[in-house]
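Below: one structure, written as structure tokens.
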Number of protein chains: 2
Amino acid sequence: MKLGAFFHPTGHHVASWLHPGAQIDAGTNCRHYVELAQTAERGRFDLMFLADGLAVRDAPMEVLSRWPQYTVYFEPITLLSAIAASTRHLGLVATASTSYSAPYNLARAYASLDHISGGRAGWNVVTSGGDAAAANFDRVQYPHDERYDRAIEFVEVVRGLWDSWDDDAFVRDRANALYFDPAKLHTLDHVGKYFSVRGPLNAARPPQGHPVLFQAGGSPPGRDLAARLCEAVFTPLHTLEAAQSFYQDVKGRMARYGRRPDQLKIMPGLNPVIGRTRAEALEKHQYLQSLIHPKVGLELLSNALGGYDLSGCDVDGPLPAELDAMNTETGQTQFKNVLGWARNENLTIRQLYERFAGARGQRTVIGTGEEVADQLQDWFEAYGVDGFLIQPPYLPGGLDEFVDEVIPVLQQRGLFRTEYEGSTLRDNLGLERPRSRYEAPAAA
Amino acid sequence: MKLGAFFHPTGHHVASWLHPGAQIDAGTNCRHYVELAQTAERGRFDLMFLADGLAVRDAPMEVLSRWPQYTVYFEPITLLSAIAASTRHLGLVATASTSYSAPYNLARAYASLDHISGGRAGWNVVTSGGDAAAANFDRVQYPHDERYDRAIEFVEVVRGLWDSWDDDAFVRDRANALYFDPAKLHTLDHVGKYFSVRGPLNAARPPQGHPVLFQAGGSPPGRDLAARLCEAVFTPLHTLEAAQSFYQDVKGRMARYGRRPDQLKIMPGLNPVIGRTRAEALEKHQYLQSLIHPKVGLELLSNALGGYDLSGCDVDGPLPAELDAMNTETGQTQFKNVLGWARNENLTIRQLYERFAGARGQRTVIGTGEEVADQLQDWFEAYGVDGFLIQPPYLPGGLDEFVDEVIPVLQQRGLFRTEYEGSTLRDNLGLERPRSRYEAPAAA
């Protein structure tokens, strides 16, 4: 089983900053992240994972000022470079957008992180929806399908640039005053639909060949991008059936791109709330839920419903009926999921936002260390997943609990490593080191 | 006196990689840089400085393969983030271009580095001439004056974004569920000639208010950019008279922008070659010069002469006469300087490229620790400069020599600190922390 640790600044729960155990200045506290990384490494996590955005969210000020997650925070590649110096094995996965950077710049930054960390870098490829980011870059956002089309070309350019120098290009021969073998330098000369990039990259090939490519989205173009180019994917999956279906679908798409199913790891998000007893865990969860400010809950729920304005609604009543008619028009998985819960379980708006806001669309598992481990084991053994991206509800305490209460159970059951397999993120995830595009194919 | 340490990967001298004391894999060896930074901190340097480029240089392969400086190397902002974790006082100055990044991305990256390092970040603003970089970004390069015009607007946007949040915006009041004071958040709404950027930045105001702005160029628009917006400038200056003239000119331009002369530090580059005796220093220098491959020397000299093709020339003869006619047409300071040396001192091409290639256009000082200290003192006390950017000819040895042989002399003479004045780069450079543009002016 593969495990990643996804560190939202104060924790995954939307009200985590109000929890007395959360590091309240997390977004500007580098020490906080270094300590989280060291705890994750003590727990033998494969990797830590950081989200990113390119704007302060658009929200009414009375909501924004009560919801600091992703308001101010570190740029992830710089933060992970700092963390690299304080860790030895942990993979370092940073999110970056293909819509607001140039391929040459991102190729360099991740190559640099991979060299700095000795082969532990990963890139979570996102395409950045949202008008707020576009306004910071002198544009309107690209349409959804074009974003994915650009992303595919962007990633291919970046991979090409990473192959600019063969692994053994640098002979560093002082006697003959020859630093590299000219035959082992390659100029990409890419001219495509969206990008023209000559190359070569001014960075040696990364220790991993290519940093590991992650992808988050669950939409059809997102699934296709994952099947075509990515090596790990996480997406909200709430039932084992949904997980199995996603697993089959995405891994099934890989053959058309000449890839094997084991070249992609499926690791959905999971929010553990852990207690010494089940009752204590439930109480912890209820306490976190009680911290959600109603204005924040309504805003988050509104976002999940495509921006539908809920501000005039009674929070202790049901969702307005007109949403049911809209449901047939929207293609959004999230919209359908949220409305489904509301109607199937007859939830009030407050009950719904508590469920939704607490987990931010991901699956929550509440119980003792043994019980949480049971859930992980069930999904893993039923081939619903290859692993999980653990999202502690508040930090640092929620990570400590997982490392102290769940990891040892998984280790005792032989489901999770007790020592790292290797020194790179690829080694630990069990992913092959990619051959350079300029290398002769291996003999059959 | 202010001192920066400029770390070219294997050292400043163009043939440094051939010196047995140079770290030959410097461009991909993070440990090398961490140790250099720690040595610089032991020497109480104000800062370390990293250059940058966005392409492998265009050069014939037989030259490129023998001249590895800036062929493959770390992206500086990521490298300095890693170094921040291993140092406590040293300023961390990274070069980045205003021609191939978006202001929002650079504002974030430097804000992040400033938070990670506790207020030690600096940005060396460059505009990136050269067609090689342009070809990696789907463009031709902007004309020289437009590059500077864009740079001014770019820097102003970045400074505006750094002011998005007041220093005391984050009240983090759990009792009232209020994370920040809405009155202390500012949206830039910049619409200019080259950029439209809404803001606010998704990073808290940097510990230094703004990271320190450096500038390198000596051309008239470069001097104006420095006088208008920058806080430290380095440029090649070869004689005390030239330094005094530059000092007067740049500091004289500041009043028109409402700035005082002490708000800008002039720190030209200086290459020390240090021996226990003067004879040993001269021998060291001669050895380094002897390592220059003629093909590399000719190429570098050709670059300094605006690309003039020297490949057919006898290296032991003079420069071709037709260059004298071209000299009146070009506006390049470097062209005039190089040709001036050649003619005034009757140098052969080899003698010229040895002088030029060894120092890469900067001033070389050769002697004992006492003698090098004398030179620094003379220029400093004659108001030619506020300090120097020390460029050791090979690394790590050349830095060790400066720290062990020159710094103690400067300290004994009361010219250089024995302990850091403060914890930020601004504290140590004696630069004020900039007020936010949204702050009410101080009472008179």
Side-chain angles (χ1 to χ4, degrees), chain A residues 17-18 20 24-25 27-28 30 34 53-56 61 64-68 70-75 77-79 81-82 84-86 100-102 104-105 108-109 111-113 115-116 135-138 165 170 172 174 177-182 195-204 293, chain B residues 17-18 20 24-25 27-28 30 34 53-56 61 64-68 70-75 77-79 81-82 84-86 100-102 104-105 108-109 111-113 115-116 135-138 165 170 172 174 177-182 195-204 293:
Chain A
W17 76 278
L18 293 165
I24 201 165
D25 65 350
T28 52
C30 185
V34 168
L54 293 167
V56 174
M61 194 56 78
L64 187 62
S65 60
R66 300 175 197 284
W67 182 14
Y70 299 108
T71 300
V72 296
Y73 51 106
F74 293 100
E75 187 283 320
I77 302 177
T78 47
L79 181 58
S81 298
S86 308
Y100 301 109
S101 283
Y104 200 88
N105 288 336
R108 277 191 88 199
S112 199
L113 178 59
H115 282 288
I116 287 168
N136 290 330
F137 291 85
D138 202 1
W165 303 83
F170 297 97
R172 301 188 180 108
R174 281 180 173 142
L178 194 71
Y179 198 76
F180 66 85
D181 178 348
F195 304 102
S196 295
V197 180
R198 192 184 72 174
L201 192 65
N202 55 354
H293 196 284
Chain B
W17 77 278
L18 293 166
I24 200 165
D25 65 350
T28 51
C30 185
V34 168
L54 293 167
V56 174
M61 194 57 77
L64 187 62
S65 60
R66 300 175 197 284
W67 182 14
Y70 300 108
T71 300
V72 297
Y73 51 106
F74 292 101
E75 185 284 320
I77 302 178
T78 46
L79 181 59
S81 298
S86 308
Y100 301 108
S101 283
Y104 200 88
N105 288 337
R108 277 190 88 200
S112 199
L113 178 60
H115 282 289
I116 287 169
N136 290 330
F137 292 85
D138 201 1
W165 303 83
F170 297 97
R172 301 190 179 106
R174 281 181 172 140
L178 193 72
Y179 197 78
F180 65 84
D181 178 348
F195 303 102
S196 294
V197 180
R198 192 184 71 175
L201 192 65
N202 55 355
H293 197 283

Checking heavy atoms, do the side chain of A:Leu54, its backbone, both or neither come under 4.5 Å from chain B?
-> both
With only heavy atoms counted, which part of B:Phe74 is less than 4.5 Å from chain A, the side chain, the backbone, both or neither?
-> both
Is it the side chain or the backbone of B:Leu64 that comes within 4.5 Å of chain A heavy atoms, both, or neither?
-> both
Contacts of B:Asp25 that satisfy side chain to side chain donor-acceptor pair (under 3.5 Å) - sequence neighbours left out | B:Gln23, B:Asn29
Top contributor to chain A contacts, counting heavy-atom pairs under 4.5 Å, from B:Ile77, B:Leu201, B:Leu18 = B:Leu18
Proximal component of B:Ala85, with respect to chain A [non-hydrogen, under 4.5 Å] = side chain
Residue selection (most heavy-atom pairs with chain A, distance under 4.5 Å) from B:Ser86, B:Ser196, B:Cys30 = B:Ser196
Expected output: side-chain B:Asn105 to main-chain A:Tyr100 donor-acceptor under 3.5 Å = yes
Residue, of A:Phe195, A:Tyr73, A:Trp17, that accumulates the most heavy atom pairs under 4.5 Å with chain B | A:Trp17
Options A:Ile116, A:Val197, A:Asp181, ranked by heavy-atom pairs under 4.5 Å with chain B, top entry | A:Ile116
A:His115 versus chain B, heavy atoms under 4.5 Å apart: side chain, backbone, both or neither?
-> both
Option in A:Ala55, A:Ala109, A:Ala102 with maximal non-hydrogen atom pairs under 4.5 Å from chain B = A:Ala55
Within the side chain of B:Asn136, is there an N or O that forms a donor-acceptor pair under 3.5 Å with the backbone of A:Gly199?
-> yes
Which atoms of B:Ala177 come close to chain A, meaning under 4.5 Å heavy atom to heavy atom: side chain ones, backbone ones, both, or neither?
-> both
Okay, side chain of A:Tyr104, backbone of A:Pro200: is any donor-acceptor separation there less than 3.5 Å?
-> yes
Using a cut-off of under 4.5 Å on heavy-atom pairs, state which of A:His293, A:Arg108, A:Arg66 scores highest against chain B.
-> A:Arg108
Using a 4.5 Å cut-off on heavy atoms from C-beta on, say whether the side chain of B:Thr28 contacts that of A:Phe170.
-> no
With only heavy atoms counted, which part of A:Ala135 is less than 4.5 Å from chain B, the side chain, the backbone, both or neither?
-> both
Checking A:Phe180 against chain B: side chain, backbone, both or neither under 4.5 Å from a heavy atom?
-> both
Going through the distances and angles, do B:Leu79 and A:Ser81 end up as a side-chain contact (heavy atoms from CB on, under 4.5 Å)?
-> CA-CA 7 Å; B:Leu79 181 59; A:Ser81 298; over 6 Å; no
Residues that A:Arg172 engages under side chain to side chain donor-acceptor pair (under 3.5 Å), provided they are two or more places apart | A:Tyr179
